[in-house]
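A short worksheet on the structure shown next.
Keep in mind that this is a model prediction, so the values were computed, not measured. Computation of the quantities below employed the complete heavy-atom set of this structure, encompassing side-chain atoms and omitting hydrogens, waters and symmetry-equivalent molecules. Here is how names work: the chains are called A, B, and so on, in the same order as the sequence lines, proteins then strands, and each is numbered from 1.
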Number of protein chains: 2
Amino acid sequence: MAEKKANAVQLRQIREACRTCSLSDLCLPVALESPDVDALDNIVQRRRPLSRGDVLYRAGGRFNAIYAVRTGALKSMSVSEDGEEQITAFHLPGELVGLDAISFGTHPSTACALETTSICEIPFGELEDLAEEIPGLQRQLLRIMSKEIFSEQEMLHALARRTAEQRLAILLISLSDRFSRRGLSATRFRLPMSRHELSNYLGLAPETMSRLFRRFAENGWITAAGKEIVLEDPQGLRAMTNGGSAPVHRGIGRASDA
Amino acid sequence: MAEKKANAVQLRQIREACRTCSLSDLCLPVALESPDVDALDNIVQRRRPLSRGDVLYRAGGRFNAIYAVRTGALKSMSVSEDGEEQITAFHLPGELVGLDAISFGTHPSTACALETTSICEIPFGELEDLAEEIPGLQRQLLRIMSKEIFSEQEMLHALARRTAEQRLAILLISLSDRFSRRGLSATRFRLPMSRHELSNYLGLAPETMSRLFRRFAENGWITAAGKEIVLEDPQGLRAMTNGGSAPVHRGIGRASDA
DNA sequence: GCAACGCTTTGATCTGTATCAAGGCGTTGA
DNA sequence: TCAACGCCTTGATACAGATCAAAGCGTTGC
């Protein structure tokens, strides 16, 4: 079929972009050697980009597909009865979105673009069908899913019972790690979310966020100009995420000063 | 084979206990109608009971199997560098333990019995092998896993950014739901964990826990005698978990008085 | 160019919960 | 029966971070 051929070509084109994606373990090692390569690629759909504020799916909506972020960023959020929105996750390029709907059949949360964002859509039913045909794909699927799910859970645990300072440090390090895993700079990046969204996610008041950024900068750990962040002293940051006991700030100037 | 026959008999015996287990979706609907019923049952091993404090697996240990709690209860915990233990989950009868190791190959946390506890062990490799043979089992597996994982995650989100009062209420309701789902009373149960373990899990000081229990009793929401708990007013409890805005306590006596 | 708006920052105050410090009470062992 | 221990409770105090209030400042639209 001409269609299949077209897809095969397309596959080669996107392979580069896919290499740092969470799905790459699914797409590449398994699919590469098999004639099923087209089958897997066939079900992955590229959609037209979302703009800031666009909703990918809404809480309560039917679960049809999972998504991989290609560029840009999304937030997952749930809205409580009293109308307050609570951000439950940020999704950066290469990460999967919508996994929390697998067991329910409907989306428990709403996914919304933080900036202009392009995504891959993987219809879940077709993926499952495929997994039954391609040996090994099933295992990969389970591992990838549980990895994505648990890395989020780890984050939650890491944030629980931490001071405001530690939470922000943990988040910055997490973002750094996630950017660098996708081949971007680990020390210099642009926050895709506003201060307000950050504070919402971390469970802090926006005012506290603001004060923290200032304090972090005073301590020489970061340089922050709006959303542009430079991690000047990742070690210093990392140090204070450990043992809630470690005394922090207090002193003036950067930790590395003599 | 005699062994197979013995297992078939055993299967019938345990089926009752299994009916309320998280694995029942795996064991029963799928396996019941298939000749593979023995195959699935064969790989599930009953182990001798754990006593309070016994460790099921230790953080860092190799991942071989997942477990289902039959009776009793477990806690999952991680120990930070400074030696502080942090409880990350409680596992009640019918729930699965060890899922967080799937993606890593090693256990990220330690599982420890809160009281005398009996469990089923399901070697994961064999389960995966089986899933490749039995159509549908793979899907069930994925759904069950993601359900178990996400219900924990929901709990974490529910606890984040809540007052101490709300956290305890949320936990009590969660326990109530989980007990009742397994056929036990939703309003009268025995806490398997100590106040200290509770406070650790909820991220509160033990003293705060104590004060909360008193306040809850004063408000007529619960009656607590040691670990024996009676939910006198589940609605009252549920009400205060919602919208952090709702004013709580303050007044004297139970909410339903007038 | 200016006004209006939203986001961020800064300052002052208030409060929930931790922490410190004892005291009660049930349980274990001699 | 009594002492010793651990767990839980109770009270007093301290502090991190929320909340209230208002002022900068960059953006958007006219």
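Rounded to an integer number of Å, the gap from CD of E165(A) to P of dA18(D) is 13 Å. In this structure, CG of L159(A) is placed 16 Å from C1' of dG17(D), rounded to the nearest angstrom. Rounded to whole Å, the distance from CZ on F213(B) to C1' on dT10(D) is 16 Å. Rounded to whole Å, atom P of dT9(C) lies 8 Å from atom CE of M209(A). Look at CZ on R167(A): it is 8 Å from P on dG17(D), rounded to the nearest Å. What separates CZ of R161(A) from P of dG17(D) is a distance of 14 Å, to the nearest Å. One interatomic measurement links the two molecules: CZ of F216(A) to C1' of dT9(C), which rounds to 17 Å at whole-angstrom precision. For the pair R162(B) CZ and dG16(C) P, the computed distance is 17 Å after rounding to whole Å.
To the nearest 0.5 angstrom, R188(B) atom CZ is 12.5 Å from S176(B) atom OG. Once rounded to the nearest 0.5 Å, the distance linking OH of Y201(B) with CG of L159(B) reads 5.5 Å.
Using a cut-off of 4.0 Å between Lys/Arg side-chain N and Asp/Glu carboxylate O, R238(B) and D177(B) are scored as salt-bridged. Under 4.0 Å is where a charged nitrogen must lie from a carboxylate oxygen, and between E85(B) and K75(B) at least one such pair does. Taking 4.0 Å as the cut-off between side-chain N and carboxylate O, E218(A) and R214(A) count as a salt-bridged pair.
Donor-acceptor pairing under 3.5 Å is recorded for the side chains of S118(A) and T71(A).
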Which pairs, protein N/O on one side and nucleotides 24-29 of chain D N/O on the other, fall under 3.5 Å?
none

Below 3.5 Å between N/O atoms, which protein atoms pair up with nucleotides 4-8 of chain D? Just atom names and distances, please.
unit_1 : atom_1 : unit_2  : atom_2 : d
dC8(D) : OP1    : R195(B) : N      : 3.4

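For residues 159-178 of chain B, no pair satisfies ring pair (Phe, Tyr, Trp, His ring centres under 6.0 Å), with sequence neighbours left out. Applying the salt bridge (Lys or Arg N to Asp or Glu O under 4.0 Å) test to every pair with at least one member in residues 109-121 of chain B, sequence neighbours left out, gives these pairs: R47(B)-E121(B).
Minimum interatomic distance between P192(A) and L92(A) (heavy atoms only, all atoms of both residues): CG-CD2, 4.1 Å.
Residue R214(B) is classed as a sugar-phosphate contact, given heavy-atom separations below 4.0 Å to backbone atoms only.
Under the rule for a side-chain hydrogen bond (donor to acceptor under 3.5 Å, both in side chains), E154(A) has no partner lying at least two apart in sequence or in another chain.
For R211(B), whose side chain is taken as the heavy atoms from C-beta onward, the closest listed nucleotide among dA18(C), dT17(C), dG11(D) is dG11(D).
Sorted by residue number, the members of residues 199-207 of chain B with any non-hydrogen atom under 4.0 Å from DNA chain C read G203(B), L204(B), A205(B), E207(B).
Using the six-membered ring where Trp is involved, H107(A) and Y57(A) have ring planes that are parallel, under 30° apart on the 30 and 60° scheme.
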